[in-house]
Amino acid sequence: MHSCPPPKEALELWLKAYGTIEDGNYGHLLLEQVGESDTALLDALRPYFESAHLDAREYFHKKIGVSLHPDATLRKTVTYPNCLPSKALRGLFGEVIAGLVTEAYQEEFVGGHPWQVPIFLFREHDDVEKYLWSLRYDEKRAREIYGRHGTDFVGISLDDAGEVVRVIAGEAKWRKSLTPSTVGSLLHGPKIKDEKTGKSEYSNKGIWYEVNRDSHIPHGLRQMQFLLELRDPIGHASTILSIDRAVLNLGPTPERTDLIVISGNEAARRSTGDPIIAWEKTPKEYKAGRDLQIVEVILKDGNSLIDKLYESLWSDD
């Protein structure tokens, strides 16, 4: 289970928040790095990231037969998530950041709902298991990893009885440099050249496409339910039952907030405080009609931070 609270004091020193909520159902939060990504920050972030990855770490190590004991020989080369390729780690970082900002800045989010993430969905990544299995027998078999299908991130809001009344779900992306063209491709899909006109146009198969067509009850919520049944069936009994009833149309369907979190390094020509995605009103490309929350996390040397952070996870074992 994920049980570590977000390190709010460290985040306040590290990131400056520019929050806006417009028209009641659209929120835009810009988080801009102002503090150093130093040892103190790593120490503050590490427990949260370890908590986020703990379920998947125990699951994958058990599946591939690698002990988590500090003296285990294979721990030198096969350790989730530390041993994953650089690109995969950046994807994981983006998804953990989605949970981190949702829990830490929930009062800044549209609706002000009390969000929580009882467990992350990282074990639902088949190619990671295949990668670790191959690496267990041949450390030279290192390769890139196919991305995890389905919902990038899911959080829930509970009532006093512990039942799910609202879910927050959506896309979480990391990019090395957050230029307008890069973010444009994320939102609208890669550009494709038209053979007739010779012009390149967006494919319209990006984040907006995925969010607009996603079901009101995201698949990730069902995955979360099954994980809760495995990890804490008693402590989350009401949560589990409420999700099951919603999926089977035997109870109320929880309301949904769509979330888009884009994190990465600031572009060279970006000015302080400038968002990349419009904040004044709901983007016209958004058609789902639910509450929408966008978060931009602008860092200065995120690649170095990610490498150091993931290298340090469970380093004291």
Residues two or more places apart in sequence or in another chain: which of them pass salt bridge (Lys or Arg N to Asp or Glu O under 4.0 Å) with Glu266?
Arg270

Roughly how far apart are [X] [atom1] and [Y] [atom2], rounded to 0.5 Å?
X	Y	atom1	atom2	result
Ile262	Trp174	CD1	CH2	12.5 Å
Leu221	Ser242	CG	OG	8.0 Å
Leu92	Arg148	CG	CZ	8.5 Å
Ser86	Ile145	OG	CD1	11.0 Å
Ser304	Asn265	OG	CG	10.0 Å
Thr239	Glu229	OG1	CD	11.5 Å

Please name all residues satisfying side chain to side chain donor-acceptor pair (under 3.5 Å) with [X], sequence neighbours left out, ordered by chain then number.
X	answer
Glu36	none
Arg269	none
Ser37	Trp14, Gln33
Lys87	none

Is there a donor-acceptor pair closer than 3.5 Å between any side-chain N or O of [X] and the backbone N or O of [Y]?
X	Y	value
Arg222	Pro218	no
Ser315	Ser312	yes
Thr79	Asn82	no
Gln293	Tyr26	no
Asn212	Trp208	yes
Ser51	Pro47	no

Under the side chain to side chain donor-acceptor pair (under 3.5 Å) rule, what pairs show up with a residue in residues 137-146, not counting sequence neighbours?
Asp127-Arg143

Going by side chain to side chain donor-acceptor pair (under 3.5 Å), name the pairs with one or both residues in residues 116-126, residues two or more places apart or in two chains.
Asp55-Arg123

Flag the pair Glu50 and Arg57 as a salt bridge only when some basic side-chain nitrogen lies within less than 4.0 angstrom of an acidic carboxylate oxygen.
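No salt bridge links Glu50 with Arg57.
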
Parallel under 30°, tilted from 30 to 60°, perpendicular over 60°: which one fits the rings of Tyr310 and His53?
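Plane angle over 60°, so perpendicular.
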
Is the Phe120 ring parallel, tilted or perpendicular to the Phe153 ring (thresholds 30°, 60°)?
tilted

Return the set of residues passing ring-ring contact (aromatic ring centres under 6.0 Å, His included) with [X] (not counting sequence neighbours), or none when no residue passes.
X	result
His113	Trp115
Tyr105	none
Tyr131	none
Phe226	none

Test salt bridge (charged side-chain N to carboxylate O under 4.0 Å, His left out) on Lys308 and Asp38 and set out the steps.
CA-CA 10 Å; Lys308 292 177 181 177; Asp38 53 16; over 6 Å; no

Considering only heavy atoms from C-beta outward, does the side chain of Ile243 approach that of Val247 to under 4.5 Å?
yes

Applying salt bridge (charged side-chain N to carboxylate O under 4.0 Å, His left out) to Glu255 and Arg290, what does each step give before you reach the verdict?
CA-CA 8 Å; Glu255 294 297 322; Arg290 302 180 283 256; over 6 Å; no

Please say whether the positively charged group of Lys63, taken as NZ for Lys or CZ for Arg, lies over the ring of Phe60, i.e. under 6.0 angstrom from the six-membered ring centre and within 45 degrees of the axis.
no

Can you list every pair that meets salt bridge (charged side-chain N to carboxylate O under 4.0 Å, His left out) and has a residue in residues 165-183, with sequence neighbours left out?
Asp152-Lys173, Arg166-Asp291, Glu171-Lys173

Look at the side-chain heavy atoms of Ile, Leu, Val, Met, Phe, Trp and Tyr, link any pair under 4.5 Å apart, and say whether Ile97 and Phe122 land in one connected group.
yes

Hydrophobic cluster membership, Leu30 vs Leu292, 4.5 Å side-chain cutoff:
yes

